[in-house]
Number of protein chains: 2
Amino acid sequence: MNHTSTIPIQEVSLKHLKVACSSCSLRELCLPLGLNSDEMNQLETVITQRVKVKKGEPLYRAGDAMRSLFAVRLGFFKMSVLSEDGREQVTGFQMAGELLGLDAISTETHSCGAIALEDSEVCEIPFADLEELSRHIPSLQNNFYKVLSREIVRDHGVMMLLGNMKAEERLAAFLLNLSQRFALRGYSSRSFVLRMTREEIGSYLGLKLETISRGFSRFQEQGLIRVHNKEIEILDLPALKQVLSGCSGKA
Amino acid sequence: MNHTSTIPIQEVSLKHLKVACSSCSLRELCLPLGLNSDEMNQLETVITQRVKVKKGEPLYRAGDAMRSLFAVRLGFFKMSVLSEDGREQVTGFQMAGELLGLDAISTETHSCGAIALEDSEVCEIPFADLEELSRHIPSLQNNFYKVLSREIVRDHGVMMLLGNMKAEERLAAFLLNLSQRFALRGYSSRSFVLRMTREEIGSYLGLKLETISRGFSRFQEQGLIRVHNKEIEILDLPALKQVLSGCSGKA
DNA sequence: CGCACGTTTGAGCACCATCAACTATAGTGG
DNA sequence: CCACTATAGTTGATGGTGCTCAAACGTGCG
């Protein structure tokens, strides 16, 4: 999977590029949302570098000390926690404009690991600087509180999914969520590529990889989607939403 | 259950009591953690009132506008979200020293409802004031970021529980978590009263109430705990922890 | 090309949900 | 005070959903 896999050390390459939130296409999705140009410039002085992470490589691992947060600029990440006995729980998939490392603020240690699922690029945001800056820019502070809160709301959604939904409902919810997030970023909401394996989807949804595979096959039989390897095409969006509302409607 | 149940209107009574974080036994668990006495005084000026909530009554409901956060001073709350089709997912149980309403910061609307499971008392913290104050008190800002982050970590723990654990493992984890939190507050970690019903435990753990009941019975048969109605006594803590580590060890 | 990995599909089974009957407890009113 | 009711909890029998084990296939990379 990784063409440099013979080298076991971390593959993160650091590039000191000028970071310009003001010219970033993600500024309406990301931390700078709603800042004026002066404030955005101040934020840029703090975000000193971009980091490239190759597919399959970790940006950080659970247990690492946290000094910075990261904003995904390009690419796709999987976040996961490990239980003491070594089982993995995927806690989320982050795409462009989303922040990585929010969980680590509480203990200054990453509780999740972040692994790139495709060649990716992130903006590094030293947390101490962000904290300091957010004291001087009220709307930045407010944004950041909201980002943290939104993550809590998202997690509650996942809890609902894991606690109350059946396998195919979870899978439909997952596809619809991805679709919506791609749409927000200007990509097709109808047709996209899954960057993660069936096993990773399963871990996220509390299911086994076989169940994911069967679910996709079933949706395809029913004409809801077309699956070819990791390519997904949504053929019947309303019907897919219908699967979801069958949650407890017993339908 | 509620001695005023013939009166259907909301039972929240507002008392303008002087709030004194500095003399509150929870200050080491709650928002004021690590503030000096001057800073704590400033925080007190913002926390203008305490609110009493009777058992069974909501402090707020999902969909309500959020203007304040609340710190539990006394009592026990259940937080829950409802899916469109009306199913409830309990997202957590909050006890003294824990904050309510963090999820609502993102949209300024409560996404969870909070219901008191016993007669309770909370300190109301107007969010705009907290935001403003946190700009002037760095350690308060830092505390609050950490509180939000800790909630995210907690939610990841629940996701692990719902995604990877079997029924009895979930139940053991639940009991151990409660035990630990009671201990932190100076109560017995060995013997406590469950404020929630079996159904509410089930909703939180992604299980049905019958499964909870069977789990308790089984733990009792095995001599791990003693159950009498809502009273729980932990008889064999190591064995209960053992149940947990059996997570995927197949034991 | 050929190996490794991810995926698909099938068969059988375990776990937990469901349905149902019964018990216990607390609160209500005669 | 004691029936009466409503709510919560226990326990048993049964079945379905999703897990497990297993085998085969496809794809892509070395």
What is the distance, to the nearest angstrom, from the [atom1] atom on [X] to the [atom2] atom on [N]?
{"X": "I232(A)", "N": "dT7(C)", "atom1": "CD1", "atom2": "P", "answer": "11 Å"}
{"X": "L194(B)", "N": "dG9(D)", "atom1": "CG", "atom2": "C1'", "answer": "13 Å"}
{"X": "E169(B)", "N": "dA14(C)", "atom1": "CD", "atom2": "C1'", "answer": "14 Å"}
{"X": "R87(A)", "N": "dC19(D)", "atom1": "CZ", "atom2": "C1'", "answer": "11 Å"}
{"X": "L117(A)", "N": "dG6(C)", "atom1": "CG", "atom2": "P", "answer": "12 Å"}
{"X": "M165(A)", "N": "dG18(D)", "atom1": "CE", "atom2": "P", "answer": "13 Å"}
{"X": "I201(A)", "N": "dG6(C)", "atom1": "CD1", "atom2": "P", "answer": "13 Å"}
{"X": "N164(B)", "N": "dC19(D)", "atom1": "CG", "atom2": "P", "answer": "11 Å"}

Options [options], nucleotide nearest the side-chain atoms of [X]:
{"X": "R198(A)", "options": "dT27(D), dT8(C), dC16(C)", "value": "dT8(C)"}
{"X": "L207(A)", "options": "dA17(C), dT20(D), dG18(D)", "value": "dG18(D)"}
{"X": "T197(B)", "options": "dT27(D), dA8(D), dC16(C)", "value": "dA8(D)"}
{"X": "L209(A)", "options": "dT8(C), dC19(D), dT27(D)", "value": "dT8(C)"}

Query raised in the report: Any side-chain N or O of K230(A) under 4.0 Å from OP1/OP2 of dT7(C)?
Result: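 K230(A) to dT7(C) OP1/OP2: side-chain N or O found under 4.0 Å.
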Query raised in the report: Under 4.0 Å between a side-chain N/O of K166(A) and OP1 or OP2 of dG18(D), yes or no?
Result: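 Answer is no, no contact under 4.0 Å.
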Please list, one pair per line, the donor and acceptor atoms closer than 3.5 Å that link side chains of residues 71-82 of chain B to other protein atoms, with sequence neighbours excluded.
from, atom 1, to, atom 2, distance (Å)
K78(B), NZ, E88(B), OE2, 3.3
K78(B), NZ, E200(B), OE2, 2.9
S80(B), OG, E88(B), OE2, 3.1

**Report entry** Closest heavy-atom pair and its distance - V153(A), S106(B)
**Finding:**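 Shortest heavy-atom separation between V153(A) and S106(B) comes out as CG2-OG, 3.7 Å.
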Which pairs of donor and acceptor atoms, one on a side chain in residues 226-235 of chain B, lie under 3.5 Å apart (sequence neighbours left out)?
from, atom 1, to, atom 2, distance (Å)
R226(B), NE, E233(B), OE1, 3.2
E233(B), OE2, R190(B), NH2, 2.7

Query raised in the report: If you find the nucleotide of DNA chain C closest to K208(B) and the one closest to N229(B), which residue's nucleotide is nearer the 5' end?
Result: K208(B)
Query - Within 6.0 Å of OH in Y187(B), more than 12 heavy atoms from elsewhere - result: no
Query raised in the report: Take atom CD in E199(B); do more than 12 heavy atoms of anything else shown fall under 6.0 Å from it?
Result: no
Query raised in the report: What parts of residues 210-224 of chain A reach DNA chain C, counting only heavy atoms under 4.0 Å away?
Result: E210(A), S213(A), R214(A), S217(A)
Query raised in the report: Would you call R185(A)-E98(A) a salt bridge at under 4.0 Å N-O?
Result: yes
Query raised in the report: Any Lys/Arg nitrogen of E221(B) or R218(B) sitting under 4.0 Å from an Asp/Glu carboxylate oxygen of the other?
Result: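 Answer for the salt bridge query: no.
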Requested in this report: Pick base, sugar-phosphate or nothing for G202(A), based on heavy-atom distances below 4.0 Å to the nucleic acid.
Outcome: nothing
